[in-house]
Structure formats: C-alpha cells, structure tokens
Amino acid sequence: VVSLVMSWLVSWLLFTWMIARLPRESISFRSSVRAGLLAAVAPLAEGDFSRPVKVQAVGEVAQIANAIEAVRAQVAGVLSELSGTVDDVHEAAGGLASRAATLASGSQEQAASLEETAASLRAMTDTVRSNAEHSQEAKRIASHTRDQAEVGGEAVQAAVVAMSGI
C-alpha cells in the first residue's frame, strides 16, 4: 500500500510539474491561420519560387492565399524568362568573344603584312636612292670623259693641222 501511495504521489507531482510548464496562451483560429500563411510564404522569403503556395482555407484567407500563389507564379515565370535571357546573353557574349579573337588575329596578321610591305618599300627606296646616286656618278664620269675627249680631239686637230703644215 505504501509503495502504491508513493508511486501515485510521484506521478501526481510529475503530472503537475508538466502541466505547469505548458504555454498559458490559447491558440485561436486567427493565429493558426496566420502561422499557416507564414509557413506557406516562408520559402518565398528565402527565394524559392518553385513550390506552389498551398493553404487550405475559405473566405478572405483563401483569397489572400490565392493572391500570394498568383504573385509566386508570376515571379517564377519572370525568373524563368530571365534565366533564359541570361543564357542567351552568355551565348552571345561567347560568340562575341570568339569574333573579337578572330578579328584581333586578323588584325595582327595585317599588321605583320604591313610591316613586311613597309620594309620592302624601305628597301626599294634605298635601292632607288643608290641607283640615283650611281646615275649621278655615271653622269659626272660621262661629262668628265666627254670633256677629256673634247680636249683630246682638239689636241688631235692641232696635231693634224701641225702635220699638214709640215
């Protein structure tokens, strides 16, 4: 009997202690609906627009839940289109980079070709200048030779005249 009374007393104390620790607020329908809506929109607040907002309710709460779901669906659609646009921009940027590299390569080849052409033109200019200098020298030598020939011709003429006089 004593052990039965003791076990009943310990059980009653434990039950009283547990009841004393329970929350003192009553849970109203309004607070439960608010908690349900908050739980439904929590993924949206974290940026997850892939899961539909599902709240089983009637009246104004159902209208609010449906409006939130419509906004979620529109935002998810915009994000999907934006993702496609980002992919298109990424693809176009890759093509543009490829074309720029091709253009740069072609420009480098043209620059190298122009440098070769410029070097050839410098060599031709040097050759033409050298030819002009040689032509001037040849003209000077020819003029000098003509002058010498004239002097020599005059000397021969004088010798012929002197020989004829003898």
Checklist entry - Partners of N66 by side-chain contact (heavy atoms from CB on, under 4.5 Å), sequence neighbours excluded? => result none
Item to check | CD-CD distance between E115 and Q110, expressed to the nearest 0.5 angstrom | outcome: 12.5 Å
Checklist entry - Can you hop from V75 to V41 via hydrophobic side chains spaced under 4.5 Å? => result yes
Next on the checklist: So, taking the atom named OG in S113 and the one named CD in Q108, what distance separates them when rounded to the nearest 0.5 Å?
Outcome noted: 13.5 Å
Item to check | Atom pair CD/CG of Q136 and N131 - distance to nearest 0.5 Å | outcome: 12.0 Å
Item to check | Atom pair CG/CG of D126 and L121 - distance to nearest 0.5 Å | outcome: 11.0 Å
Next on the checklist: Using every non-hydrogen atom in the two residues, find where A39 and P43 come nearest and quote the distance to one decimal.
Outcome noted: O-CD, 3.5 Å
Checklist entry - Between S83 (side chain) and L79 (backbone), is there a donor-acceptor pair under 3.5 Å? => result no
Item to check | Where R51 and R72 come nearest, the two heavy atoms and their spacing | outcome: O-CD, 3.0 Å
Item to check | Distance, nearest 0.5 Å, that separates OG of S3 from CE of M6 | outcome: 9.5 Å
Checklist entry - Ignoring hydrogens and geometry, is there a side-chain-to-backbone donor-acceptor pair from S11 to S7 under 3.5 Å? => result yes
Checklist outcome for this item: To the nearest 0.5 Å, atom CG of L103 lies from atom OG of S98 at 11.0 Å
Throw together a table of side-chain donor-acceptor distances under 3.5 angstrom for residues 143-166, partners on residues two or more places apart or in other chains.
residue	atom	partner	partner atom	Å
T145	OG1	I141	O	2.7
S164	OG	V160	O	2.9

Item to check | Any L44 side-chain heavy atom under 4.5 Å of I68 side chain | outcome: yes
